[in-house]
There are 2 protein chains.
Amino acid sequence: MRVGDRHYRSLWVDASPGAVHIIDQTRLPHVFETRTLASADAIAEAILAMRVRGAPLIGVAAAFGLALAVARDPSDESIARAAEELRATRPTAVNLAWALGRMRERLAPIAPAGRAEAAWTEAQAIADEDVALNESIGRHGLAILEREYANRKRPVDILTHCNAGWIATVDWGTVTAPIFMAHERGIPVHVWVDETRPRNQGLLTAWELASAGVPHTLIVDNAGGHLMQRGQVDLVMVGADRVSRRGDVCNKIGTYLKALAAKANGVPFYAAVPTPTIDWGIEDAMAEIPIEERAEDEVRIVRGLDPEGRFAEVTIAAARTAVANPAFDVTPAELVTAIVTEKGVARALESELAGLRPRKAASKALT
Amino acid sequence: MRVGDRHYRSLWVDASPGAVHIIDQTRLPHVFETRTLASADAIAEAILAMRVRGAPLIGVAAAFGLALAVARDPSDESIARAAEELRATRPTAVNLAWALGRMRERLAPIAPAGRAEAAWTEAQAIADEDVALNESIGRHGLAILEREYANRKRPVDILTHCNAGWIATVDWGTVTAPIFMAHERGIPVHVWVDETRPRNQGLLTAWELASAGVPHTLIVDNAGGHLMQRGQVDLVMVGADRVSRRGDVCNKIGTYLKALAAKANGVPFYAAVPTPTIDWGIEDAMAEIPIEERAEDEVRIVRGLDPEGRFAEVTIAAARTAVANPAFDVTPAELVTAIVTEKGVARALESELAGLRPRKAASKALT
C-alpha cells in the first residue's frame, strides 16, 4: 500500500537474491524505518523482536529466512537447523509452520546444488500468493460491508482489535483489505481501533487507515463493550493467528472479550484469514493451541514520542512488580459468526469450513 | 493504611480547620507527593484532574470543599455556587451528589454565623463514616474469601479492575478491605490486577497491594478473559461509581467485559460498595446514568518513569488521531453475583437490595 508517495510491500526483495527488506514495525507508527536482513539469523531475530509481525507476514519472512540459509549451505542438516530456529521464534501462529513445511517439501526432492534458486523462487511465490490471497479476502469481505451499508444507509461502524492490516501481511491485509476496497468504492465506513495493549498494534492499524484516508477512532481495549451496548458497532472483524477446523479463533489477547460483547449485543463477529491460517489438525483450539507467554517488559514499558518528538519509552510498573503477559486467547467457535477467507465466507461450523479445505491437505503437512 | 513507616489516610486535616491534605494520585505509583488544598476551587481542580479519585473519596473531598467555601462565605448563594462547581467536576459517581446533598441539608437550617463550624464537623463525620463503612465492607467481603479458601484449600485468585483500594476511599478501600483482612488473617490470596487503561489506576492497586505485602500480578486489560477460560480466576471483585436499585453496576470502563467473561466461565462477580453508592433513584443504569467522556489525551499520553527514573510521559498517538474516551460502563445486574456493602451481601436483585435501603432515603435526597 502507499506510504507517502511510494507503494510499499511490508517485505520486498531486490532483483538479485541475497537479502530481504522490511519495514521495522517496532518503530511504527512513530518512525518509518526499513531494514535489510541477509541471513536466517537476522530474520529469526526480526520475527522474535516483532520487527516483522502478523501471522501471514511471519510465514513469508520465515520462508525467505530458510531461503537465505539454503543459499549459504544447501545441506539437509542446514535446512533442518534453520527451519527449527525459525519455527521456534513464535509458537502460536500456524502460518510459520505452514510456510516452513511448504519450503521443505519443495526442497527435499531437489539436489543440494539446485536448492538455493528453488528456495528463493518458492519464497517469492509464497509472498506473491499472500498478496493474491489478501486481495481475494478483500473481495469477499467487501460483500459483507456492502450488505451492511445497503441495510443501514449510513456509515458502517467496524470494530477491530490488534493489526490485521497490510503490514501484518505482504500487502492489503486481511481485515483492512475489505475496508480499503469499501473506502475506494465510496462505501462509507468508520473503524473503531482497539489500541491493543501491551504492544499497541492498534496504533499500526490507525496509521494504515490514516494513510488511506479511512475514518477511524482510537479507543482503549476497555471501551469496545460499552460501544456495543450503545449500538455504536455494526460488526467486529479481526484477523487470526490460527483457526481450528471447527472455527475457534486464536488471535491477539483480548479478542475473546470483544467476541463475548459482540455475542451479548447481537453484533456479528468475523475473522478474516487466508485458508493457510486454518489448522485442519486442530479441533479444540482451547485445548490444543500453545499460547505464547511474552516478556514482562512488554507490559511494564510503553513506547511513544517524548515532548520533543523523539522516540522514547516510559516504565509504568517497576521491575519488582510481577507481570503475566499471555499474548493470545481463543475465541470459541460459538461466538464467531463467520470466517472470511480468499475462497469465500464460511460460518464457524466444521461442516461449512470443510468446504475450504484443500484436497491434498492433511494434518501431516503441518508436522 | 501504611506508606513506609507512617499511617496515612488518603485525605486528612490539621487540628484547626482551613485546609485539607491529599496524596496527589496523578503522581502515584511513581512519586509519593502530598498537596494542601485550602479552597473549594482547589478541591474542584483536584477532583477534575483526578489528584483525588475514587467515588467514595470524591464525595468526602467535595464535602470538605463545600466546608471551605462556607468558611469564606456562609451565605446561601455561596453554598449553592460552590456545590454546583464541585458537583460539575465528575458526572458519573453518585457519592459526589450524595455528599453535597447531605452537607446542604445539614447547613440549610443553621444561621450563616454557625455554618462554618457545622460544615467542617459534618465533612469530618462523612470522612470518619467512610472509614467505618469500608472496614465493615471488609468484614463482609472477608467472609466470601474465607468461604472460597475453605472450599479450595489453595490461594484464592481474585481479579480486580481499576482501583477500589484505600486511596479511592479515605481508608481501607472497598475491594482491598477484605483482601487486606484476609491477608492479615493468613488466608492466602493472589490478586490479578488489570492495569486499567487509559489512566492505569491498576498501578495504584498494585502499589497498595505491594505496600501491604499481598501477592499480586499485573496484567493488561485484555488478559482477564483468557485467565478465566483457563480457570485461573476464582472471583472478580470491583468497586463501583454508582449501583442502580436493581443491581446494575456502573464502574470504570472495561468492567463490563470482565463481567461477561466471568458469567461465561462460571466465575462469581462481586461489586464492593458502601450503600451511599447505591442510587435508589435509578432503576436502569444503562438508560439513566450519564457516562463521563474524558479528555482524548488520556488515551494518547502515557505516564511513567524515563530510563533515568524521572517522571515522564510519552505520546503514543498523534493529536490528529481521533480518540474516544468513555470513562465508565454499565454491567447489567444479570451479570452481577452480589453487591458487598457495609450492611451485608445482597444478590443483585431489586428485592434483596431493598433490604439495604435506609428508611429515610428518597430519590429527592439526590436532587
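Just so it is clear, the model here is predicted, and its values are computed rather than measured.
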Chemist: Top residue by heavy-atom pair count (under 4.5 Å) with chain A, among Leu227(B), Asp194(B), Asn325(B), Leu305(B)?
Modeler: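 Heavy-atom pairs under 4.5 Å are most numerous for Leu305(B).
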Chemist: Hey, does the side chain of Gln229(B) reach the backbone of Val330(A) with a donor-acceptor pair shorter than 3.5 angstrom?
Modeler: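 Looks like yes, one N/O pair under 3.5 Å.
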Chemist: Determine, stepwise, if the pair Val302(B) / Val314(A) fulfils side-chain contact (heavy atoms from CB on, under 4.5 Å).
Modeler: CA-CA 8 Å; Val302(B) 178; Val314(A) 291; 4.3 Å; yes
Chemist: For Leu203(A), which atoms come within 4.5 Å of any heavy atom of chain B: side chain, backbone, both, or neither?
Modeler: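 Side chain only.
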Chemist: Check whether Asn200(A) gets within reach of chain B through its side chain, its backbone, both or neither, counting any heavy atom under 4.5 Å.
Modeler: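 Asn200(A) touches chain B through side-chain heavy atoms alone.
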Chemist: Return the NE2 to OG1 distance between His30(B) and Thr315(A), rounded to the nearest 0.5 Å.
Modeler: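 It comes to 8.5 Å.
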Chemist: Taking the side chain as everything from C-beta on, heavy atoms only, tell me whether Val299(A) gets closer than 4.5 Å to Leu218(B).
Modeler: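 Of all side-chain heavy-atom pairs linking Leu218(B) with Val299(A), at least one is under 4.5 Å.
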Chemist: Given that the side chain runs from C-beta out, which part of Thr217(B) has a heavy atom under 4.5 Å from chain A: side chain, backbone, both or neither?
Modeler: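 For Thr217(B), the contact with chain A is made by backbone and side chain together.
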Chemist: Which value, rounded to the nearest 0.5 Å, describes the distance between Asn222(B) atom CG and Asn222(A) atom CG?
Modeler: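 Answer for the CG-CG pair, Asn222(B) versus Asn222(A), is 8.0 Å.
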Chemist: Based on non-hydrogen pairs under 4.5 Å, which of Ala312(B), Ala210(B), Ala223(B) is most in contact with chain A?
Modeler: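 Counting heavy-atom pairs under 4.5 Å, the top option is Ala223(B).
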Chemist: If you tally heavy-atom pairs under 4.5 Å against chain A, which of Asp329(B), Ile219(B), Leu209(B), Leu257(B) wins?
Modeler: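 Most heavy-atom pairs under 4.5 Å with chain A: Leu257(B).
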Chemist: Name the option with the most non-hydrogen atom pairs under 4.5 Å to chain B; the candidates are Glu195(A), Glu298(A), His216(A).
Modeler: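 So the answer, after comparing Glu195(A), Glu298(A), His216(A), is Glu195(A).
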Chemist: Checking Pro326(A) against chain B: side chain, backbone, both or neither under 4.5 Å from a heavy atom?
Modeler: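 Side chain of Pro326(A) only, per the 4.5 Å heavy-atom cut-off to chain B.
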Chemist: Measuring from atom OG1 of Thr255(B) to atom NE2 of His226(A), what distance do you get when rounded to the nearest 0.5 angstrom?
Modeler: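 Here the rounded value is 12.0 Å.
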Chemist: Answer with side chain, backbone, both or neither: which region of Trp192(B) has an atom nearer than 4.5 Å to a non-hydrogen atom of chain A?
Modeler: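 Looking at Trp192(B), just its side chain touches chain A.
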Chemist: Between Thr196(B), Ile253(B), Val193(B), which residue shows the highest count of heavy-atom pairs closer than 4.5 Å to chain A?
Modeler: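 The answer is Ile253(B).
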Chemist: Is it the side chain or the backbone of Met286(B) that comes within 4.5 Å of chain A heavy atoms, both, or neither?
Modeler: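 Contact with chain A: backbone and side chain both.
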Chemist: Measure the spacing between OH of Tyr256(A) and CG of Leu260(B) and express it to the nearest 0.5 Å.
Modeler: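 Taking OH in Tyr256(A) and CG in Leu260(B), the distance rounds to 9.0 Å.
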